[in-house]
Structures are given as C-alpha cells and as structure tokens.
Amino acid sequence: MTYTPAATERRWQDAWERARVFAAVRDDRPKYYVLEMFPYPSGRIHMGHVRNYTMGDVIARYKSACGFSVLHPMGWDAFGMPAENAAMERGGHPKDWTYGNIADMRAQMKPLGLSIDWSREFATCDPEYYGQQQAMFLDMLAAGLVYRKAAVVNWDPVDMTVLANEQVIDGRGWRSGAVVERRELTQWFFRISDYSAELLAALDGLRHWPEKVRIMQANWIGKSRGLQFAFETVGAPGGFDRLEVYTTRPDTLLGASFAAISPDHPLAKALEAQDPAVAAFVAECRRGGTSAEAIETAEKKGYDTGISVRHPFDAAWQLPVYIANFILMDYGTGAIFGCPAHDQRDFDFAIKYGLPIPPVFVPEGADEAPLSEAYVPMKSERVRYLRGFAGETVQTGDAAVTAAIAFCEDKGVGRGVTNYRLRDWGLSRQRYWGCPIPVVHCADCGVVPERKENLPVRLPDDVTFDKPGNPLDRHPTWRDVACPACGRPARRETDTMDTFVDSSWYYARFTAPHAATPTNADDAAYWMNVDQYIGGIEHAILHLLYSRFFARAMHKTGHLPAKAIEPFNALFTQGMVTHEIYMTRDGAGRAVYHLPEEIEAGRVKATGEAAEIIPSAKMSKSKKNVVDPVNIIQSFGADTARWFILSDSPPERDVEWTASGAEAAFRFLSRVWRLADEIAASTAPATDEDAVLDRATAKAIAEVTAGIEGFAFNKAIAKLYEFANMLGRSGAGAVARRRSMAIMAQLLSPMVPHLAEDIWAMLGGAGIVAQAAWPKADPALLVEDTVTLPIQINGKRRAEITVPKDLAVSEVEMRVLADDAVAKALGGAAPKKLVVVPGRIVNVVI
RNA sequence: GCCCGCGUGGUGGAACGGUAGACACAGGGGACUUAAAAUCCCCAGGCCGAAGGGCCGUGACGGUUCGAAUCCGUCCGCGGGCACCA
C-alpha cells in the first residue's frame with residue numbers, strides 16, 4: 001500500500017460535504033468568523049491564493065475542532081477593469097468573461113479541500129449583491145454621507161476617456177500614447193474625512209492588527225496641528241485681497257521667503273482667465289497623471305505671479321506669490337508660505353528662483369552659517385532660535401510650534417487648526433463594469449435618487465466595447481429614463497462605483513448572503529465581527545480603511561450593530577509567493593523567459609541552452625516564474641501543496657516555491673502515511689518507552705497548538721517533523737504508538753486534512769477527524785524536573801550544568817563556581833559579577 | 001519624492017534581550033540493491049588544529065547592556081503603498 005492522494009482526497013471532500021461539516025450554523029456554541037480577502041476572478045488560481053486560503057483553512061479547521069461554530073465563506077470581487085479590457089481585446093461580454101472565470105476558479109479551488117461554506121458564495125457583480133449596495137448608497141445619501149463635487153481625473157485627449165492611474169505610463173495614455181491631462185469632473189464622494197479623527201483614534205483599539213498596518217493608516221490619515229492665517233495681498237485681482245495659508249511650522253514664519261499656491265487654487269484660476277502666460281504655465285502643470293507619485297517626482301516648477309503678500313508681522317515686508325506645481329489643492333488651503341531654510345523642497349525652490357534663505361534656528365550650540373541644504377531636525381529635538389518670536393530661545397520644534405500658535409492667536413493672526421491629510425473617497429468611475437450609481441439627473445428636479453422598489457438598477461447587457469469610453473454613456477434606452485420624482489424625461493447617472501465599495505462590506509453580506517436587505521440584524525449580531533481576517537499587505541491602507549469607514553456608515557444607516565464598526569478583530573497580512581526566474585536571450589539580445597517546467601538542471605529542456613537564474617521574485621506571468629496549483633495538485637495532491645506552502649517560511653514573509661521543496665513535502669507525507677500503516681498493523685507489546693513517547697506526544701500537542709495560535713505555521717510544521725521523526729524511531733508498544741499516531745492525525749488535520757482522515761481511518765478512529773475535538777496535552781506530562789543551564793564567561797558560552805528545575809539561585813551560584821571551566825577561568829579570584837537568570841542562563845563576569 | 005516593512009549558513013528559515021543556525025531543502029559519505037529509483041543511517045556556518053579546543057560570524061558602521069540577530073542611531077540593499085490595479 002502506498003500514499004495515493006489523487007485517489008483519496010476527492011473521497012474525503014465528498015465525505016465532508018455529505019456530513020455538511022462546513023455549513024455555518026447559528027447555535028449556542030461560541031462563533032468564530034474566519035475570512036480571507038476574496039479573490040478577483042482572473043480565471044486562474046495562483047499560489048498566492050493557495051497560501052492565503054490554506055492559512056485561513058488552518059485557522060477555520062482548528063477553531064472548529066476547538067468547539068467554535070465557524071463561518072468560513074468565499075466569494076468573488078468580480079467588478080473591475082480587467083473584464084472590460086478583455087472585452088475590448090478579445091470581444092465578448094464582461095459578464096460572460098467574469099462568470100466563466102468564476103466557474104473555472106471555483107473548480108480549481110475545490111480540490112484544495114478548503115473548509116468553506118460554499119452555500120454562502122456570491123459575486124459582487126450579482127445583481128442581488130449590487131442591488132443591496134445601491135440600497136445602502138441611497139440610505140447613505142439620505143444620511144448625508146455622500147455628496148457631489150468636482151475632482152480631477154486623468155483625461156486621455158485622444159481616446160476622449162478617463163484613465164486609471166495604472167493606465168498612465170510616464171504621463172501618457174497606455175493605448176493612445178497621448179500626453180494625459182488633469183481634467184475636472186463632477187463626481188460622487190463619501191464623507192470619509194468626517195471620520196478622520198475617529199478612524200485615527202480607533203486604531204489604538206485594534207490590538208490584534210499588525211503594528212505596521214496601524215502606523216501606515218495613521219500616517220495616511222495624517223493628523224497635523226498647525227496655524228491657518230491669511231496674508232494680505234498686494235496687486236491681486238478683485239475678491240482676492242486675502243490669501244489663506246496653512247502651515248505646520250508657524251515657528252518658522254520669520255524665515256518665510258515666498259508664498260505659493262496650487263495650480264488649481266481659485267486665485268490661479270482667476271489669473272489664468274486673464275493672463276495667457278499664467279494659462280500656459282497652469283496648462284503645463286496639468287499635464288501628466290493625477291497620482292501623488294507623478295506629482296511629487298515631477299520637476300518642481302513655479303511661476304511668479306507678480307502678486308505679493310504682506311508678512312503678518314510686518315506690513316512693509318512683502319513676499320512674492322508663485323504658482324507651484326507641487327502644491328496640492330486637496331491639502332490644507334491649497335496655499336503655503338515657503339521657508340527654504342527648513343524644508344528641502346522649499347530650499348530647492350528658493351535656489352532655483354533666487355529667493356533668500358534666512359535660517360530660523362540652528363543646532364543647539366552652533367552658530368549661524370550659510371546652508372547648503374535645508375536644516376530639518378526632528379520636531380522633538382532642541383534647537384536655538386535666531387529668528388524666533390514665541391517661547392524660549394532654545395526649545396524643541398514642538399514647543400516652538402505650540403508657542404507660535406498661541407502667540408499668533410493672541411495677536412489675531414490666524415488660528416490653530418487640526419488638519420487631516422485624508423481626503424473624501426471619490427467613488428465615481430466612468431466605466432461600465434461596476435455597480436451603477438442609483439440616481440437620475442432631471443433638468444427640473446436635479447439629482448433624484450432612484451426609488452428603492454426599482455432596485456437593482458441593472459447593468460444593461462446589450463453593450464459593445466469597440467469604442468473607448470463608457471458604453472453606458474452611449475446607451476440611449478438605458479440612459480434615458482423618466483424622472484422618479486416628476487416623471488419627465490431625465491438621464492440616468494452613467495458613472496458606476498469604485499470597486500472598493502464592493503469590497504467594503506462583503507464581509508457583512510456573508511453573514512446573510514441572500515437576505516432581502518443588505519444585512520439581517522440577527523445574523524449580523526451573531527456572526528460579526530470577523531475574528532480573523534487574512535490578506536495581503538498591499539491592502540494595508542485603502543481597502544482596510546474604506547472598510548472601517550463603511551462599517552461605520554452602515555451602522556449609521558442601520559445596517560450593522562454598533563459592535564461592528566470595527567469589522568475586523570484581528571488582521572494577518574501574509575507575504576507573497578515567489579519563484580526563481582529563468583531567462584535566456586534571443587538573437588537580438590532580448591530577454592526570453594521560461595516556465596519552471598521547461599527547465600531541467602539549469603538548462604532549457606527543449607534546446608539544452610543554459611538559463612540565467614534570476615533570484616526569487618513575485619510570481620508573475622510576464623516573467624513566467626509561475627507554478628500552477630492545478631498541476632501541483634494533480635502531481636502530488638492538495639495536501640502536498642498545502643503542506644509545502646505553509647512549511648517553508650513564516651506566514652507574514654514571502655515564501656519561495658521550489659520544486660524540490662514540494663517533492664520533499666510529498667515524501668514526508670508519504671512517510672507519515674507509511675508510518676501510520678505500519679503502526680496500524682503493529683502488535684508490539686508495551687515497553688518502558690511508552691512513557692517517553694507519551695511525554696513527547698504531550699509536548700507535540702502543546703507546541704503545535706502554540707504554533708497555530710501564534711500564526712506560526714512554519715514552526716508548527718517543524719514540530720510535526722520532530723514528532724514524526726520521534727514516533728518513527730520510538731520503540732514504544734503498539735498501543736502507545738497508535739495513541740500518538742491518532743494525535744498526529746489530529747495535529748496534522750488543519751494543514752493536511754485529507755491525509756489526516758486517511759490516518760484516522762487506518763487507526764480505526766471514530767467518525768472523521770474534521771469533527772473530532774482538538775487534543776489537549778496532559779499538563780503533568782509537560783513538566784521537566786531538570787534544566788540545563790549554559791554558563792557564559794564574559795558573555796561567551798564556555799560550559800553548562802544540569803540542575804534541578806527549582807534549585808535556589810544561591811545553590812546554582814555555588815555549583816557554577818565549582819565548575820571546572822569556571823574555576824580555571826577564575827584562577828582563584830572572585831568573579832566581578834555573577835548573573836543568574838533562573839532556568840535560562842548564567843554569566844560569570846571576570 | 002513621501003510613508004511602512006524586511007536583511008541570519010550554499011538555500012528557506014529557528015532563536016521571552018540569555019547556548020545563533022531548531023526543522024527542512026540542496027550537497028557529501030554510508031547501508032540495502034546485479035544496478036538504478038525508493039527507503040534507512042551519518043556529516044555539514046567559516047577559518048585554524050591530529051584532537052581536546054580556539055578564533056570569527058546574523059547587510060555595514062557606531063551605541064546601550066553582565067549579555068544584542070533581537071533595543072537605539074546613521075548608512076546600504078530589497079520589497080509594499082501613494083487615493084481610478086485589485
């Protein structure tokens with residue numbers, strides 16, 4: 001008999017399904033909700049999915065064994081651009097492409113043996129789902145959580161269409177190659193910025209989130225304390241006699257050398273209208289993409305408007321006003337004053353335009369000297385003020401800012417304000433394959449919400465993608481409707497929602513996936529919150545922040561209980577799956593990539609050519625360093641794929657897929673299978689090794705449990721290797737070995753559930769492992785009575801002693817000093833110091 | 001450009017501030033076999049030494065500590081995010 005997963009895995013999957021083991025039911029057990037970030041239906045599962053869902057499955061199966069009623073659902077983040085791109089490139093309809101991909105991916109996922117309640121599956125492009133999303137949108141609109149305003153988009157002037165940031169490459173449209181412009185459109189926004197303070201403060205309560213994610217979110221929200229004040233202008237057009245600016249460094253006011261406004265500032269627009277030179281400069285600024293990266297890495301440019309402003313402390317002191325391409329209209333007031341001595345960007349600007357650079361402060365103990373770069377110490381650092389006006393001469397930047405705000409408020413120059421970098425969430429997308437925004441534009445009534453009884457507002461099927469732009473815009477029968485308020489001819493909103501909206505509440509919908517309302521109060525009360533959420537670090541900011549906002553908005557509109565405003569109790573961010581890249585070059589020297597299965601011993605199988613091996617990188621189709629999970633499952637079984645992906649790296653780090661590692665995983669699982677087969681048949685009588693084995697088994701239970709609880713699956717697996725090695729060599733009797741092997745099956749079951757069932761069945765275990773209770777270690781068997789203490793001499797390990805576990809420190813000291821190596825090192829002298837850390841280590845300082 | 005991580009043998013990694021390298025991969029040696037595969041056993045950070053043992057060693061350089069892979073600072077390299085990729 002041999003281990004043949006291909007034959008047995010399917011059988012166990014059927015057995016689980018027959019027993020409805022994974023159906024989530026509300027009952028009197030405590031509940032546990034495990035959720036992995038749902039996939040985009042690209043059509044193929046990849047190893048990243050296998051890793052993500054296997055981790056969730058380990059937790060789900062473990063918690064189930066621990067007596068929890070587990071909810072572990074799966075769905076599809078099914079709206080988005082790739083479906084439209086496919087329709088443009090290959091013809092067909094985004095809907096057919098998407099649902100076809102979902103069917104394919106589901107078929108690829110099921111053989112993994114995940115403990116998913118498939119009865120709750122949905123796709124965000126199901127009208128049943130997005131109709132409920134539209135209902136919530138209307139509730140949020142009524143609650144004042146949604147509004148319209150102008151915002152900039154990437155505009156492709158050749159294709160006459162809006163581009164996503166990823167479609168803008170080096171400032172040009174990806175298809176047309178035209179230089180992209182920033183253009184304003186009226187768009188819908190969620191008022192997430194109203195929640196800035198709360199979303200920031202509540203981060204402290206997310207104790208089971210990675211620290212780095214909380215830091216990233218806190219920085220993204222970007223709370224700052226500063227001074228907002230108005231300059232009096234000289235020579236500005238009518239209506240612009242004051243210029244409001246915001247600064248986080250009011251202590252540097254006497255180092256100001258210019259003022260700058262955003263190209264989108266109202267003053268810039270006013271100047272643009274009357275001065276062709278300004279218009280040309282502003283148009284220049286609007287070239288290129290809208291992304292912060294594009295704006296911040298672009299060359300810093302300014303245009304001297306000829307206008308000036310009076311310094312608030314000295315009306316005779318005038319500063320020039322520039323329009324500058326790096327000032328963002330969205331942050332603060334869209335206008336700043338520049339202090340080149342203490343801001344590198346302002347410094348570079350001042351050098352470029354020949355502006356003065358007066359230092360405001362110098363390092364404590366230093367004298368004033370010309371600067372070759374901006375001096376930007378931490379605000380917590382003490383510095384000496386040369387041009388201070390509030391507070392001490394020597395003080396920290398923080399103290400100076402506080403003093404400066406107080407001074408200015410007292411003088412009537414502005415007021416201290418708390419600002420946030422977080423902007424409102426623009427949800428309008430000028431695209432077809434998304435959730436339609438359920439409003440109608442009426443010439444008489446304005447923006448009119450669709451009636452709830454008319455939801456869902458369904459996407460029309462009869463659309464084509466032969467032209468750029470949104471087909472909804474050119475679909476007269478869908479677009480032209482009667483106004484829900486007055487009945488006169490009106491136009492449906494043709495923008496659809498950002499796909500982040502879809503993924504901001506799917507976790508709540510899983511608690512009642514087919515309810516006639518967005519959520520069901522009883523189900524949400526029972527299943528919320530997600531106890532463990534698992535996904536990629538790339539979602540650390542946007543998806544998670546939007547979800548946190550959306551849960552609050554859903555609570556405000558009555559769709560979630562108050563306890564669910566932070567929907568994810570614990571978050572785990574997993575690393576990527578990587579693989580080596582194999583490359584050769586063609587006659588023209590261009591890189592040619594090869595799939596791993598085309599390579600043998602570093603050479604291309606077909607040609608025998610030596611391949612250059614590039615170190616591991618994220619699996620990507622373009623580099624062909626991909627391994628198809630379907631092939632791995634066919635060759636080795638799902639358990640091997642699951643085992644290897646968990647075993648080789650800590651879950652939060654990248655894991656490198658290697659063929660030899662996968663083969664080794666298969667060999668190990670085969671070995672365990674054979675061991676179980678041998679033990680099942682054994683009749684060996686009891687021996688005095690039985691007790692040793694029982695102790696090792698108890699230790700394995702404790703260590704594997706700790707590994708799973710601590711999200712250290714690689715360590716849990718290392719302990720299982722040790723346990724299997726130990727059990728394989730043990731001379732214990734058949735009864736003791738069967739006892740240990742049964743526990744092995746249970747400890748293996750979260751990771752390799754099919755093999756665990758095989759073993760359980762071989763040993764004649766009752767029922768199936770998937771329904772067995774998690775084993776508990778007998779505490780008495782875990783206690784060690786002696787401990788080996790390493791002895792360091794001056795911090796280097798030189799000897800060790802074995803002592804009773806609870807030996808008094810004074811007694812340990814005596815035994816240490818009596819040790820040969822220690823006595824020799826001391827040469828009769830007394831040690832300078834003797835450090836005894838009970839149970840751990842001894843350090844003798846000489 | 002800005003924010004956040006990460007960096008340990010040939011490789012993936014382990015190590016409450018306390019014996020650096022558990023466990024595994026690749027490799028080497030051996031057993032079994034007519035042979036190979038499979039399986040089993042042993043070795044293995046680097047340098048020196050016959051050995052006992054010694055010295056060096058966690059990206060680099062400093063610092064704190066009886067003791068640093070771990071804490072702090074500076075630098076280098078790699079990765080993630082930057083609001084219309086999902």
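For the numbers below, each heavy atom of this structure counts, side chains included, while hydrogens, waters and symmetry mates do not. Chain letters run A, B, ... following the sequence lines, proteins first, then strands; residues in each count from 1.
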Undergrad: In residues 293-300 of chain A, what residues come within less than 4.0 Å of RNA chain B, judged by heavy atoms?
TA: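 Result for residues 293-300 of chain A: Glu293(A), Glu296(A), Thr297(A), sorted by number.
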Undergrad: So that I can compare with my own list, what are the stems of RNA chain B, taken as at least three consecutive Watson-Crick or G-U pairs with distances under 3.5 Å?
TA: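 Looking at RNA chain B, the stems formed by three or more consecutive pairs are B:1-7 with B:76-82, B:10-12 with B:23-25, B:27-31 with B:39-43, B:45-48 with B:53-56, B:59-63 with B:71-75.
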Undergrad: Output all residues satisfying ring pair (Phe, Tyr, Trp, His ring centres under 6.0 Å) with Tyr507(A), sequence neighbours left out; order by chain, then residue number.
TA: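 Scan of Tyr507(A) (ring pair (Phe, Tyr, Trp, His ring centres under 6.0 Å), adjacent residues dropped) gives Phe568(A).
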Undergrad: Look at the rings of Tyr375(A) and His342(A) and say which category their plane angle falls in: under 30° parallel, 30 to 60° tilted, over 60° perpendicular.
TA: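 Ring orientation, 0 to 90° scale: perpendicular.
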Undergrad: What's the closest nucleotide to the Phe500(A) side chain, out of C23(B), A86(B), C85(B)?
TA: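 Of C23(B), A86(B), C85(B), A86(B) is nearest to the side chain of Phe500(A).
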Undergrad: So if I take every side-chain heavy atom of Leu422(A) and compare against C41(B), A83(B), A20(B), which nucleotide ends up nearest?
TA: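 For Leu422(A), the side-chain atoms sit closest to A83(B).
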Undergrad: Atom pairs, N/O to N/O, protein against nucleotides 25-32 of chain B, distance under 3.5 Å?
TA:
| unit_1 | atom_1 | unit_2 | atom_2 | d |
| --- | --- | --- | --- | --- |
| C25(B) | O2' | Ser660(A) | OG | 2.9 |

Undergrad: Can you give the donor-acceptor pairs under 3.5 Å from side chains of residues 649-657 of chain A to other protein atoms, not counting sequence neighbours?
TA:
| unit_1 | atom_1 | unit_2 | atom_2 | d |
| --- | --- | --- | --- | --- |
| Ser649(A) | OG | Asp654(A) | O | 3.3 |
| Asp654(A) | OD1 | Met576(A) | N | 2.9 |
| Glu656(A) | OE2 | Ser616(A) | OG | 2.9 |

Undergrad: Are Tyr130(A) and Phe79(A), when compared by the centres of their aromatic rings, separated by less than 6.0 Å?
TA: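 Under 6.0 Å, so yes.
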Undergrad: Met216(A) has a side chain; which of C4(B), G13(B), A83(B) sits nearest to it?
TA: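 That would be C4(B).
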Undergrad: Please confirm whether the ring centroid of Phe666(A) lies under 6.0 Å from the ring centroid of Phe668(A).
TA: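 No, ring centres 6.0 Å or more apart.
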Undergrad: So which nucleotide from C82(B), C40(B), G18(B) ends up closest to the side chain of Trp220(A)?
TA: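 It is C82(B).
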Undergrad: Could you work out which one of C23(B), U39(B), C3(B) sits closest to the side chain of Arg674(A)?
TA: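 Nucleotide nearest to Arg674(A)'s side chain: U39(B).
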Undergrad: Considering residues at least two apart in sequence or located in another chain, which fulfil the salt bridge (charged side-chain N to carboxylate O under 4.0 Å, His left out) criterion with Arg51(A)?
TA: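 In terms of salt bridge (charged side-chain N to carboxylate O under 4.0 Å, His left out), with neighbours along the sequence ignored, Arg51(A) is linked to no residue.
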Undergrad: Sorted by first residue and then second, give each salt bridge (charged side-chain N to carboxylate O under 4.0 Å, His left out) pair with at least one member in residues 639-649 of chain A; sequence neighbours left out.
TA: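 Passing the test, one end in residues 639-649 of chain A: Asp57(A)-Arg642(A).
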Undergrad: Taking the side chain of Asn725(A) as its heavy atoms from C-beta onward, which of C4(B), A24(B), U19(B) lies nearest to it?
TA: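 Closest of the options to the side chain of Asn725(A): A24(B).
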Undergrad: Return the set of residues passing salt bridge (charged side-chain N to carboxylate O under 4.0 Å, His left out) with Asp159(A) (not counting sequence neighbours), or none when no residue passes.
TA: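 With neighbours one apart ignored, the set is empty.
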Undergrad: Under the salt bridge (charged side-chain N to carboxylate O under 4.0 Å, His left out) definition, can you give me all pairs with a residue in residues 830-846 of chain A, not counting sequence neighbours?
TA: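 Residue pairs passing salt bridge (charged side-chain N to carboxylate O under 4.0 Å, His left out), neighbours aside: none found.
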Undergrad: Would you please name every residue forming a salt bridge (charged side-chain N to carboxylate O under 4.0 Å, His left out) with Glu373(A), sequence neighbours left out?
TA: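 Scan of Glu373(A) (salt bridge (charged side-chain N to carboxylate O under 4.0 Å, His left out), adjacent residues dropped) gives none.
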Undergrad: Can you check G9(B) for me, syn or anti if syn means within 90° of 0?
TA: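 For G9(B), whose glycosidic angle is within 90° of 0, the conformation is syn.
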Undergrad: Check every atom of G12(B), C82(B), C4(B) against the side chain of Leu542(A) and return the nucleotide holding the closest atom.
TA: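 Of the options given, the side chain of Leu542(A) lies nearest C82(B).
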Undergrad: Please identify each residue that fulfils salt bridge (charged side-chain N to carboxylate O under 4.0 Å, His left out) with Arg548(A), with sequence neighbours left out.
TA: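 Only Glu566(A) meet the salt bridge (charged side-chain N to carboxylate O under 4.0 Å, His left out) criterion with Arg548(A).
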Undergrad: So if I take every side-chain heavy atom of Arg653(A) and compare against C23(B), C6(B), G18(B), which nucleotide ends up nearest?
TA: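 So the nucleotide nearest the side chain must be C6(B).
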Undergrad: Out of Val809(A), Val803(A), Val787(A), which residue meets the side-chain contact (heavy atoms from CB on, under 4.5 Å) rule with Pro838(A)?
TA: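 For Pro838(A), the side-chain contact (heavy atoms from CB on, under 4.5 Å) test succeeds with only one of Val809(A), Val803(A), Val787(A), which is Val809(A).
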Undergrad: By nearest atom, which of the nucleotides C4(B), G13(B), A86(B) is closest to the Lys212(A) side chain?
TA: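 My answer, after comparing the listed nucleotides, is C4(B).
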Undergrad: Is there a donor in the side chain of Asp424(A) and an acceptor in the side chain of Tyr147(A), or the other way round, less than 3.5 Å apart?
TA: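 Yes, a side-chain donor-acceptor pair sits under 3.5 Å.
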Undergrad: Output the single nucleotide from G79(B), C56(B), A15(B) whose closest atom is nearest the side chain of Lys796(A).
TA: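 Of the candidates, C56(B) comes closest.
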Undergrad: With 3.5 Å as the limit, what N/O pairs link the protein to nucleotides 62-67 of chain B?
TA:
| unit_1 | atom_1 | unit_2 | atom_2 | d |
| --- | --- | --- | --- | --- |
| C66(B) | O2' | Asn843(A) | ND2 | 3.1 |
| C66(B) | O2 | Asn843(A) | ND2 | 2.6 |

